[in-house]
Amino acid sequence: MNTNSIFGLMDILIIGAGLYIVYAWYLLKFRGEIKEGVLVPQGWASRCKDIDGYRNFISNKLLALAVVAFLSGGVCLYSDYVKPVPASIYLGVTALFFIVLIWFITQTKKAQTLFFYS
């Protein structure tokens with residue numbers, strides 16, 4: 001396995017994570033179901049005090065994470081297998097993905113304190 005294969009595998013995993021996040025967003029936004037393991041720890045969905053407030057607080061943030069995951073995985077996969085993109089773009093979308101991921105984690109922790117019984 002060469003270096004591009006390893007990076008390609010990681011990029012495919014990031015795109016797959018983006019798909020799963022879109023599924024979790026769909027469940028939350030349109031069915032009112034909290035996907036445990038993505039948004040909250042296992043067993044926490046029944047502890048939500050205000051499902052509508054939680055949905056309004058986190059759904060757009062969840063969609064933003066999914067879009068950035070698709071963008072990052074897609075650009076990096078394109079760069080690995082089709083045509084190399086400039087290093088600044090490659091590193092920029094990778095950094096953007098990690099920044100949005102860290103931001104999303106902090107927002108889910110905030111939402112857990114606001115909308116769930118402890």
As a quick check of understanding, evaluate side chain to side chain contact (heavy atoms under 4.5 Å, CB included) for K49 and Y54, giving each step before the final call.
CA-CA 9 Å; K49 297 185 277 190; Y54 180 73; over 6 Å; no
For Q112 and V40: C-alpha separation, side-chain torsions, deciding distance, then whether side chain to side chain contact (heavy atoms under 4.5 Å, CB included) applies.
CA-CA 7 Å; Q112 287 175 4; V40 294; 4.2 Å; yes
Output the distance between atom [atom1] ([X]) and atom [atom2] ([Y]), rounded to the nearest 0.5 Å.
X: R31; Y: Y26; atom1: CZ; atom2: OH; answer: 4.5 Å
X: Y23; Y: L62; atom1: OH; atom2: CG; answer: 13.0 Å
X: L9; Y: L77; atom1: CG; atom2: CG; answer: 10.0 Å
X: L28; Y: L63; atom1: CG; atom2: CG; answer: 11.0 Å
X: R55; Y: N60; atom1: CZ; atom2: CG; answer: 12.0 Å
X: L96; Y: L91; atom1: CG; atom2: CG; answer: 12.5 Å

Applying side chain to side chain contact (heavy atoms under 4.5 Å, CB included) to L65 and F70, what does each step give before you reach the verdict?
CA-CA 9 Å; L65 178 62; F70 278 130; over 6 Å; no
Just by distance, do the side chain of [X] and the backbone of [Y] share a donor-acceptor pair under 3.5 Å?
X: S79; Y: V75; value: no
X: E36; Y: W44; value: yes
X: R47; Y: F116; value: no
X: S72; Y: V68; value: no

Taking the side chain as everything from C-beta on, heavy atoms only, tell me whether F104 gets closer than 4.5 Å to L39.
yes
Please tell me if the side chains of F7 and C76 come closer than 4.5 Å, counting only heavy atoms from C-beta onward.
no
Common cluster, [X]/[Y], ILVMFWY with side-chain heavy-atom separation under 4.5 Å:
X: I99; Y: Y90; value: no
X: W103; Y: L101; value: yes
X: M10; Y: V93; value: no
X: I89; Y: F97; value: yes
X: V82; Y: I14; value: yes

In short, G18 meets A69 closest at the heavy-atom pair CA-CB, 4.0 Å
Which atom of A111 lies closest to which atom of I58, heavy atoms considered:
CB-CD1, 4.4 Å
Quick check with a 6.0 Å cut-off and a 45 degree axis cone: is K61 positioned over the face of F57's six-membered ring?
yes
Tell me, please, which residues at least two apart from F98 pass ring pair (Phe, Tyr, Trp, His ring centres under 6.0 Å).
none
Chi angles and distances behind the side chain to side chain contact (heavy atoms under 4.5 Å, CB included) call for Y81, D11
CA-CA 11 Å; Y81 290 107; D11 298 333; over 6 Å; no
